[in-house]
Amino acid sequence: MSDPKAVETEASNFIRDMIAADVSSGKTSRVITRFPPEPNGYLHIGHAKSICLNFGMAQEFGGYCNLRFDDTNPEKESVEYVNAIRRDVEWLGFEWHGNPFASDYFDQLYGYAFDLIKQGNAYVDSQSAEQIRETRGTLKQPGSDGPYRDRSIDENLQLFEDMRDGKYADGEHVLRAKIDMSSPNINMRDPIIYRIRHISHHNTGDKWCIYPLYDFTHGLSDAIEGVSHSLCTLEFEDHRPLYDWILDRLQTPSRPEQTEFARLQLEYCLTSKRKLNQLVVDGHVDGWDDPRMLTISGMRRRGFTPESIVNFCSMIGVTKKDSHIEMSVLENALREDLNRRAERRMAVINPLKVIIENYPEDQDEMLTGVNHPQDPEYGNREIPFSRVIYIEQDDFMEDAPKKFFRLSVGREVRLRFAYYITCQQVIKNDDGSINHLVCTYDPESRGGKSADGRKVKGTIHWVSAAHALDARVNLYDRLFNTRSPGAEDNFVATINPDSLQVRENARLEPAVEVTGNQLAYQFERLGYFISDSDSTQQQPIFNRTMTLRDSWAKIDKS
Ligand code: ATP
Ligand code: MG
């Protein structure tokens, strides 16, 4: 997978094959899909897989996809989440056809529940939640019928109406589908389809005090919207019999079919909104869009491109088998995209001052740098040069081994786009630390080529001190130390304490825009960086999006 060419290939996708067969057999006349998030948190990389699949299949087969909010749990849902989800789907580059709420269908759903009662297929149960749990049985043991199971249809209809009219408190009654308490599938043991909750809903306000449950709502919403292929993750496989049971009994505008695929599980990351929420609420991260979180908003702030995420999703394919995807697959998809598109700049993260003693004190000049080494269309920029520059501390070594092709006393290197310099002297502080280097430059090597054909092995980046922009730089590492934090009992204990390192004294060349970048820069030899959403002209802040794969190898040869 590390082969960058792999990015271009489409991995297998059994759902595409299935839809293609349905279309060619005439079973499906129009491909209609939906992406159905619950607005109880921000979207993450796992949702991206489902978004790419649902929107992607609709696009490919000339149909459409709805963005539907599955909002049946008013306690946990909010308008903030609704807006964040819309923004993230748009940013990924997808256009929805409709953008309904499942709660828009509450009237219809109430009617469908009424129909089930009239058919004798649903009843009001007045047992306590605890009693219901106890009579439900276990995986090994069947459940047992409760005392209210054979209520008359009329009594059920009256009770259900009274539930809706607010005559009962939370938990006094529930409406259950009347299926089979001894079914081997626990989901079929008279599942609850409506419950009483005296609570405001973000969309319907105080209109309702009874709310339908997810399983009842989901299939019927699909049917109301004419969804042809209802694609969901594997944990819903055991719910499919219930999905079908409900739709088989009601007169709906269409008859969708559910198909399940494997969730995306990515190493070193969490893909559960509940757990991500805990990280946010307990302050382990700086909000839902913390650049270390693989939420869509965090990835945007980190500098991921939507193209790289969509590309990643097509690389991993769609199967029925659970598997963990290596983080490097995602990272390489991003590198591949940014390598092609990011403009190059120079920046120094850990500055070491260099004084070029034979360069005139009152002089400076403009040198030319290419914005993209492989693509001349990106053009050039001017880079100021002067007597005092900064280089990276790592690019100097006092007792350097032979193969150290950077700077050391008596050794010569090329400054990228500038001159050859030779280190003459190290000036130290009283405590022995290095204060600055004194170097000389070869005026005949302007642009990085010596007049006498003399070669140097190393090329290092630099920034002119007088012209530099001061910046704070955030360097990231994995947020978790363990491969699958989601499987840990205490995932908080596996947080990597060094996942964020801040460099306060970085210096950027002046051609760097410090706010509002849509696309990361490549800071040569350091990686890809994007201005943070909090970055200002007064306090530039850059986030390292990703390191370069082989940061030294390439440029040392150039
Ligand atoms: P979470 O556990 O994070 O809340 P969820 O499945 O409950 O996830 P929903 O808002 O219900 O979140 O998800 C919307 C859609 O996204 C569903 O169809 C769900 O199957 C899909 N989805 C969620 N997580 C993943 C994942 N890791 N991989 C693929 N699809 C996912
Ligand atoms: Mg869910």
Side-chain angles (χ1 to χ4, degrees), residues 11 13-15 33-58 65-73 75-78 80-82 84-86 88-89 92 94 96 99-103 202 213-215 217-219 221-222 225 227 229-240 243 256 258-281 288 293-299 309-310 312-325 327 329-330 484-487 491:
N13 176 340
F14 78 97
I15 289 189
T33 57
R34 84 288 168 269
F35 171 63
E38 184 179 359
N40 63 349
Y42 283 57
L43 299 181
H44 51 64
I45 183 71
H47 292 110
K49 176 175 178 179
S50 177
I51 291 169
C52 290
L53 178 64
N54 280 292
F55 284 90
M57 289 303 101
C65 180
N66 285 339
L67 170 59
R68 180 173 77 232
F69 290 108
D70 261 346
D71 53 349
T72 54
N73 293 306
E75 299 88 335
K76 294 184 187 150
E77 298 160 1
S78 78
E80 176 198 344
Y81 297 138
V82 166
I85 289 170
R86 285 184 181 138
D88 288 348
V89 173
L92 283 172
F94 295 105
W96 51 79
N99 182 203
F101 293 98
S103 56
H202 75 94
L213 271 88
Y214 175 85
D215 277 329
T217 308
H218 193 79
S221 304
D222 286 344
E225 291 171 21
V227 166
H229 296 85
S230 180
L231 311 174
C232 61
T233 35
L234 279 177
E235 69 271 21
F236 290 102
E237 198 166 19
D238 290 345
H239 297 238
R240 177 152 35 97
Y243 184 101
Q258 172 178 312
T259 308
E260 308 84 17
F261 63 94
R263 287 178 91 83
L264 168 63
Q265 290 171 295
L266 198 57
E267 286 182 342
Y268 299 100
C269 106
L270 283 179
T271 47
S272 150
K273 282 184 281 185
R274 185 177 58 77
K275 289 176 180 166
L276 292 172
N277 188 41
Q278 190 182 333
L279 292 178
V280 173
V281 170
W288 281 98
M293 298 240 282
L294 288 177
T295 51
I296 304 297
S297 52
M299 294 169 87
I309 297 173
V310 172
F312 165 74
C313 290
S314 84
M315 283 165 73
I316 58 175
V318 183
T319 67
K320 275 243 181 225
K321 214 175 109 225
D322 272 320
S323 67
H324 275 84
I325 305 288
M327 188 66 99
V329 179
L330 178 62
S484 42
F491 65 90

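Just follow the structure's listing: the first ligand is 1, and inside any ligand the first atom is 1.
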| Ligand-side contact atoms (ligand 1) for residue partner Thr233, heavy atom cut-off under 4.0 Å | 19 (C), 20 (O), 29 (C), 30 (N), 31 (C)

| note | Heavy-atom closest pair (Asp71 atom, Ala102 atom, distance to 0.1 Å) is OD1-N, 3.3 Å

| note | In ligand 1, the atoms that come under 4.0 Å of a heavy atom of Pro37 are 10 (O), 14 (C)

| note | Atoms of ligand 1 under 4.0 Å from any heavy atom of His44, numbered from 1 in the order shown, are 3 (O), 24 (N)

| task | Could I get the full list of side chain to side chain contact (heavy atoms under 4.5 Å, CB included) partners for His239, not counting sequence neighbours? | result | Asn187, Asp215, Phe236

| Enumerated ligand 1 atoms positioned under 4.0 Å from heavy atoms of Pro36 | 14 (C), 18 (O)

| Residues two or more places apart in sequence or in another chain: which of them pass side chain to side chain contact (heavy atoms under 4.5 Å, CB included) with Asp322? | Leu234, Ala262, Gln265

| said: Using the ring pair (Phe, Tyr, Trp, His ring centres under 6.0 Å) definition, which of the options Tyr81, Phe35, Phe101 pairs with Phe69? | reply: Phe101

| query | N/O to N/O below 3.5 Å, does that happen between Arg34 and ligand 1? | reply | no

| field | Nearest candidate to atom 8 (O) of ligand 1, where distance is taken over non-hydrogen atoms, out of Arg263, Lys49, Glu38 | value | Arg263

| If you take all heavy atoms of Pro39 and Val82, which pair is closest and at what distance? | CB-CG2, 3.6 Å

| Arg34 and Glu225 ion-paired at < 4.0 Å | no

| remark: For Phe35, the atoms of ligand 1 under 4.0 Å from one of its heavy atoms are 14 (C), 15 (C), 16 (O)

| task | From the options His218, Lys76, His47, select the one whose nearest heavy atom is closest to atom 13 (O) of ligand 1. | result | His47

| said: If I apply the N/O under 3.5 Å rule, does Gly46 come out as touching ligand 1? | reply: yes

| task | From the options Leu264, Asn40, Asn54, Thr271, select the one whose nearest heavy atom is closest to atom 28 (N) of ligand 1. | result | Leu264

| said: With respect to Lys273, determine whether any N or O atom, backbone or side chain, lies less than 3.5 Å from an N or O atom of ligand 1. | reply: yes

